[in-house]
Amino acid sequence: MRIATWNVNSIRTRKGRVIDFLQNHDIDVLAMQEIKCKTEQFPFEEFEEAGYEVIAHGLNQWNGVAFASRLPIEDAVEGFENMPGFGKPAEDGTLPLEARALGATIEGVRLWSLYVPNGRELAHPHYTYKLEWLKALREDTAARRESHPEEPIALMGDFNIAPLDIDIWDPEFFVGKTHTSQPERDAFNAFLEDGMLDVTRELGIEGYTYWDYQQLRFPRNEGMRIDFVLGNPEFFELVSAAEIARDERKGDGPSDHVPVIVELDTETSLDDDMPMIF
DNA sequence: ATGACTAAGCGTCTTAGA
């Protein structure tokens, strides 16, 4: 089974490129972030024609997460336990929940498509929201591992954190900004301390996953590594290969992020590769 | 070439991205 995660930065603008990517890279499951549309605005038909079932969770023009899959999708859930909200409080004082998390089980693997809040500025309420959001995600993941001890789990998506200085072209540029602050890095590392594994890092894969549209960032290779697949040991055991699809930043109309691909040796793919011996 | 930001809304500017 080949799975991938990609911040597509508007699925309506990018649908052609995304479907081409699925076909060219033989992807079974794609976790998407920043679909930038309401659920009903998702271009479901194009994906169905290409052989993919889609579940989407979008509330407005911001954020939005989805899965496209050639394999059956089970137990889909929007958001996670105690996920904080952001924005204008409702009458009862609660903050509106955003479309940043979608969970689903495929081939017995629990997958999440996650778009971690940006944070905006260190002094902005969005930054506090980012840290609280990650804390709640960590707790939800720990609880799931407790209740489903054998289950492979992967947190896939745009974490909006560059965990190491090598994950950005110029650490100095980010002093006083979000994405590299110690509290954000601590929040990311907390998942690793809990035993989650950063799949591309563990496999020694180098490179950025994001380049700003401005300032010739891509031609100059001034990027950031902020998109990750974090798997529990049960998931990592299945991993046979991974790749950052850097070429997806090239050409006409790219997203500012590129896909991260992970290949798994699940029973289905083993069966496919297994010689027929009786 | 990978080339000087992009996307969506009710919109000709604002918000958000990072």
Side-chain angles (χ1 to χ4, degrees), chain A residues 5-18 20-21 32-43 56-66 85-88 95-96 98-100 113-131 133-134 157-185 187-188 206-228 244-260:
Chain A
T5 181
W6 194 3
N7 179 323
V8 297
N9 186 19
S10 171
I11 193 57
R12 286 178 289 176
T13 297
R14 220 73 65 203
K15 59 192 177 189
R17 273 192 83 125
V18 172
D20 285 349
F21 165 76
M32 288 169 269
Q33 301 87 39
E34 280 210 90
I35 61 171
K36 284 189 167 174
C37 65
K38 296 177 186 177
T39 299
E40 61 267 27
Q41 295 173 309
F42 194 101
H57 173 39
L59 298 171
N60 50 44
Q61 72 268 45
W62 307 120
N63 318 307
V65 282
F86 185 81
K88 186 184 163 200
L95 301 179
E98 298 186 307
R100 295 180 175 275
S113 180
L114 302 168
Y115 180 43
V116 176
N118 170 292
R120 300 185 188 169
E121 294 166 25
L122 298 182
H124 197 284
H126 210 259
Y127 179 77
T128 314
Y129 168 51
K130 181 180 194 173
L131 297 177
W133 198 94
L134 286 163
D158 176 359
F159 282 74
N160 269 319
I161 298 170
L164 303 176
D165 276 352
I166 57 167
D167 298 332
I168 42 178
W169 83 95
D170 181 9
E172 286 297 309
F173 183 86
F174 285 90
V175 173
K177 296 189 175 79
T178 59
H179 292 64
T180 63
S181 72
Q182 199 56 53
E184 288 167 282
R185 287 178 167 177
F188 184 90
E206 297 179 350
Y208 302 132
T209 64
Y210 162 88
W211 298 260
D212 199 307
Y213 287 122
Q214 303 187 53
Q215 314 265 158
L216 290 172
R217 292 292 186 221
F218 186 55
R220 293 177 168 148
N221 197 29
E222 296 175 345
M224 306 173 77
R225 183 182 180 110
I226 54 179
D227 299 88
F228 299 95
I244 296 171
R246 189 178 189 280
D247 285 355
E248 286 300 327
R249 188 64 176 76
K250 301 178 181 177
D252 291 331
S255 170
D256 42 3
H257 295 252
V258 295
V260 178

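Only this structure's heavy atoms are used, side chains among them; waters, hydrogens and symmetry mates stay out. Chain letters run A, B, ... following the sequence lines, proteins first and then strands; every chain starts at 1.
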In whole Å, what separates the C1' atom of dC10(B) from that of dT14(B)?
11 Å

Under 6.0 Å between the ring centres of Phe21(A) and Trp6(A)?
yes

Take the protein atom CG of Leu216(A) and the nucleotide atom P of dT6(B), then report the distance between them rounded to whole Å.
11 Å

Regarding Thr178(A), tell me which of base, sugar-phosphate or nothing describes its non-hydrogen contacts under 4.0 Å with the strands shown.
nothing

May I ask you to verify if any side-chain N or O of Ser10(A) is less than 4.0 angstrom from the OP1 or OP2 atom of dA8(B)?
yes

Once you round it to whole Å, what is the distance between C1' of dA7(B) and NZ of Lys15(A)?
15 Å

Work out how far the C1' atom of dT15(B) is from that of dG11(B), and round it to whole angstrom.
12 Å

Between His179(A) and Gln215(A), which is nearer to the 5' end of DNA chain B once each is assigned its nearest nucleotide?
Gln215(A)

Using whole Å, what does the distance between atom P of nucleotide dA4(B) and atom CZ of Phe218(A) come to?
13 Å

Could you tell me which residues satisfy salt bridge (charged side-chain N to carboxylate O under 4.0 Å, His left out) with Arg100(A), sequence neighbours excluded, listed by chain and number?
Glu98(A)

What are the atom names and distances for every N/O pair under 3.5 Å that joins the protein to nucleotides 10-17 of chain B?
from	atom 1	to	atom 2	distance (Å)
dG17(B)	OP2	Arg120(A)	NE	2.8

To the nearest Å, give me how far apart CD (Glu172(A)) and C1' (dA18(B)) are.
18 Å

For nucleotides dT2(B) and dA16(B), find the distance between their C1' atoms and express it as a whole number of Å.
25 Å

Mutual orientation of the aromatic rings belonging to Tyr129(A) and Phe86(A) [parallel < 30°, tilted 30-60°, perpendicular > 60°]
parallel

For Lys36(A), what residues pass the salt bridge (charged side-chain N to carboxylate O under 4.0 Å, His left out) criterion, not counting sequence neighbours?
none

Interatomic distance at P, dA7(B) relative to dA18(B), whole Å
14 Å

With Pro219(A) via side chain to side chain contact (heavy atoms under 4.5 Å, CB included) - residues at least two apart
Leu216(A)

Can you give me every donor-acceptor pair (side chain of residues 163-170 of chain A, partner residue at least two apart or in another chain, under 3.5 Å) with its distance?
from	atom 1	to	atom 2	distance (Å)
Asp165(A)	OD1	Arg185(A)	NH1	3.1
Asp165(A)	OD1	Arg185(A)	NH2	3.1
Asp167(A)	OD1	Arg201(A)	NH1	2.8
Asp167(A)	OD1	Arg201(A)	NH2	3.4
Asp167(A)	OD2	Leu164(A)	N	2.8
Asp167(A)	OD2	Arg201(A)	NH2	2.7
Asp170(A)	OD1	Glu172(A)	N	3.1

Would you please name every residue forming a side chain to side chain contact (heavy atoms under 4.5 Å, CB included) with Thr39(A), sequence neighbours left out?
Phe44(A), Ala56(A)

Just to confirm, is there a sub-4.0 Å distance from OP1 or OP2 of dA7(B) to any side-chain nitrogen or oxygen of Arg14(A)?
yes

So what does Arg220(A) touch, heavy atoms closer than 4.0 Å: a base, only the sugar-phosphate, or nothing?
nothing

Calculate the interatomic distance between Glu222(A) atom CD and dA4(B) atom P; express it in whole Å.
14 Å

